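What you see is a predicted model; the values in this text were computed from it and never measured.
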Amino acid sequence: METVKFEELGLSPQIMRAVKEMGFEEATPIQSQAIPVVMSGADVIGQAQTGTGKTASFGIPLLMKVDPNNKKTQAIVLSPTRELAIQSAEEIRKLSKYMHGVKVLPVYGGQDITRQIKALKGGATIIIGTPGRVMDHLRRKTIRFDFVETIVLDEADEMLNMGFREDIETILSYIPNEERQTVLFSATMPKPILEITKKFQKKDVERITITKKELTVPNIDQYYYDVRRNNKVDVLTRLLDYHNPKLSLVFCNTKRMVDELASELQGRGYAAEGIHGDMKQQQRDRVMKSFRNGRTDILIATDVAARGIDVDDVEAVFNFDLPQDNEYYVHRIGRTGRAGRTGRAFNFVKGKEVYKLKEIQRYCKTKIKAQPIPSTDDVAAIKAEKIMDEIGMIIEDGKLRDMIDIIEQQVNNSDYTAMDIAAAFLKQAIGGVELSREDKDMDAALAGDTGAEEGMVRLFVNIGKSQRIKPGDILGAVAGEANIPGKLVGAIDMYDNYTFVEVPEEYGRDVLKAMKNVKIKGKSVNVEPANSR
């Protein structure tokens, strides 16, 4: 796969700055082929799977072509679903971050149309919408195509499957033929799509085909965790402690994130190093040598820098950031599970990224399972278990006479029992984390009889019906902030100015910590253990 750097595509300084900030080091195959052709103004038929970086393939050329000083709509993108419309709009907004005057607006069914009309009156340079809602606006004359020069049909086959053919043809007929550039992307090319291309595109249409490779991910157990950005480092360290992989690869999408994460992990005492495209070859060789010989057991990398990594003993791959291209996902996780071994891949996702994860699963024909984040107690228990296994092997091996003499001498000369000494050694080996004073106070407050069901603790929230709060708001805040499944949250008793909510005992402290400085419907809340009876 020949790679093309974004610097080679002749992009404006503003777009290049945004691309670098987004962490894209090189164009994906569809981007490297489509961007120059779409920028040239030619009509395009692009055949590519979802998840190959299509949005930037048309988003960047659209931004290169529009006039930021003209407040009129200059480009339209039709998407099959509201999710894709929102996702595409967000990515093009990021790409246009340094282009002052460019406004990108998604319009789709299910959202209040009056709000959309108000937004459209303020001017929208690029509109990304579902066909039905764009048609609705055209009828109302709240969207006008007087200055539209480019229309993009994204996932055209999906739009036809959903019955949008008539709407698409009507929308295309609104744009004067001689001025229009029509760009079409589709995973498949059924007859109805070819009919649309014949009817609405120029004769000298450019074709771009990115063939899907057969990709397999054998021997790799794949999991995902619902993790907020701020909590990713904590969850990563907890998983590293829990699974204790021999060698781990952590992937980030940006060079800056690689540096930040390496620094953060080193600060927490982990043998971690980063590797990315801005490092000199000498530095990269040093880091790789350290990883191969096991002095560094956690390597943090970007996709480009990871190309030279070929190490058989990688037991775990962590996608700290989900990759931009689905194909990269396979390349990333394929670095574990080598030579017939079973590997593990862990993915961190939040919110809308779940859609991207589903895309990856479809593309790779694989299953990525949701997993709960291990608690601190889980980590301590698994560490103790591993240490006890090692101790068992040492005992089996014998040759302990000298050590037994030292222990006996210590027992005879002090008030300690052999059990005390064994427990102290275990605590030292685990890295026995002493509870902070705050944690001890929380545990003491949660331990009282607060009237909760067995196995649950009752919490007090200083907000209620008078503030127009509903039980669902409390449930969403507790589950979302503390990262626990909503179904585990127990009874929610709501009163005028306060609410009681029950959560499992083992999550009590986590919920109290997570709910600090949280707002519900814009209102600051205080959460504390309910008073004991």
Side-chain angles (χ1 to χ4, degrees), residues 21-23 86-87 90-91 93-94 97 223-243 248 250-270 272 274 276 298 300-302 316-324 346-357 370-379 433 435-436 438-439 442 459 461 473-486 488-489 501 503 506-528:
E21 199 169 284
M22 289 166 80
I86 293 165
Q87 201 177 304
E90 281 177 0
E91 185 161 346
R93 269 195 203 120
K94 285 178 189 169
K97 182 176 177 181
Y223 307 104
Y224 78 88
Y225 299 84
D226 194 347
V227 187
R228 287 202 314 281
R229 180 107 217 146
N230 297 345
N231 295 344
K232 280 187 177 183
V233 179
D234 288 336
V235 173
L236 175 62
T237 55
R238 203 174 281 192
L239 289 170
L240 286 166
D241 291 346
Y242 186 80
H243 294 285
S248 304
V250 183
F251 281 96
C252 301
N253 287 349
T254 67
K255 292 173 276 194
R256 188 174 66 189
M257 194 66 239
V258 167
D259 290 336
E260 284 176 14
L261 184 56
S263 173
E264 178 83 36
L265 289 180
Q266 287 161 8
R268 295 186 184 208
Y270 292 87
H276 57 66
I298 303 161
I300 306 151
T302 56
V317 170
F318 295 86
N319 285 315
F320 197 81
D321 300 316
L322 282 184
Q324 174 205 359
F346 304 97
N347 300 282
F348 294 173
V349 301
K350 186 61 196 164
K352 294 189 190 100
E353 286 183 326
V354 170
Y355 294 118
K356 178 72 182 161
L357 198 75
Q371 285 282 96
I373 295 160
S375 67
T376 46
D377 290 345
D378 293 334
V379 173
V433 183
L435 285 180
S436 67
E438 182 189 22
D439 286 347
M442 278 186 194
L459 306 178
V461 188
D473 300 322
I474 301 287
L475 173 64
V478 170
E481 294 297 327
N483 230 332
I484 67 172
L488 295 185
V489 178
V501 57
V503 298
E506 62 269 28
Y507 288 105
R509 199 199 308 157
D510 289 345
V511 172
L512 288 174
K513 283 183 173 179
M515 295 292 282
K516 277 186 174 180
N517 308 317
V518 163
K519 291 188 175 182
I520 298 178
K521 283 199 170 174
K523 298 173 178 69
S524 296
V525 297
N526 180 46
V527 182
E528 55 194 60

Quick one: pull up [atom1] in [X] and [atom2] in [Y] and give me the separation to the nearest 0.5 Å.
X    : Y    : atom1 : atom2 : result
Y507 : L459 : OH    : CG    : 14.0 Å
I300 : L236 : CD1   : CG    : 7.5 Å
H276 : R256 : NE2   : CZ    : 11.5 Å
Q266 : E264 : CD    : CD    : 10.5 Å
Q87  : Y355 : CD    : OH    : 9.0 Å

Heavy atoms, side chains only, cut-off 4.5 Å: are M22 and E91 in contact?
->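 When only atoms from C-beta onward are counted, E91 and M22 do touch, with a gap below 4.5 Å.
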Of all heavy-atom pairs between [X] and [Y], which one has the smallest distance, and what is that distance?
X    : Y    : value
Y225 : P372 : CE2-O, 3.5 Å
P323 : N253 : CA-OD1, 3.9 Å
L240 : S248 : CD2-OG, 3.6 Å
E353 : F348 : OE1-O, 3.9 Å
D321 : C252 : OD2-CA, 3.3 Å
K350 : V227 : CB-O, 3.3 Å

Test side-chain contact (heavy atoms from CB on, under 4.5 Å) applied to I298 and L265, L261, T237, the passing residue =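 It is L265, the one option of L265, L261, T237 that forms the side-chain contact (heavy atoms from CB on, under 4.5 Å) with I298.
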Quick one: list whatever passes side-chain contact (heavy atoms from CB on, under 4.5 Å) with A482, sequence neighbours left out.
->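 A482 satisfies side-chain contact (heavy atoms from CB on, under 4.5 Å) with I484, V511, A514 once adjacent residues are dropped.
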Evaluate the ring planes of F346 and F318, with Trp represented by its six-membered ring, and classify them as parallel (under 30°), tilted (30 to 60°) or perpendicular (over 60°).
->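 Parallel: the ring planes of F346 and F318 meet at under 30°.
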Mind listing the side-chain donor-acceptor pairs of residues 521-528 below 3.5 Å, one per line with the distance, residues two or more places apart or on another chain?
from: K521; atom 1: NZ; to: R468; atom 2: O; distance (Å): 3.4
from: N526; atom 1: ND2; to: E528; atom 2: OE1; distance (Å): 2.7

Identified salt bridge (charged side-chain N to carboxylate O under 4.0 Å, His left out) counterpart of E481 within the set K519, R228, K513, K516 = R228
Tell me, yes or no, whether the heavy-atom count around Y270 atom OH, taken from other residues, nucleotides or ligands under 6.0 Å, exceeds 12.
->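 Atom OH in Y270 is packed in, count exceeds 12.
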Carefully, step by step, assess R268 and D234 under the rule salt bridge (Lys or Arg N to Asp or Glu O under 4.0 Å).
-> CA-CA 10 Å; R268 295 186 184 208; D234 288 336; 2.9 Å; yes
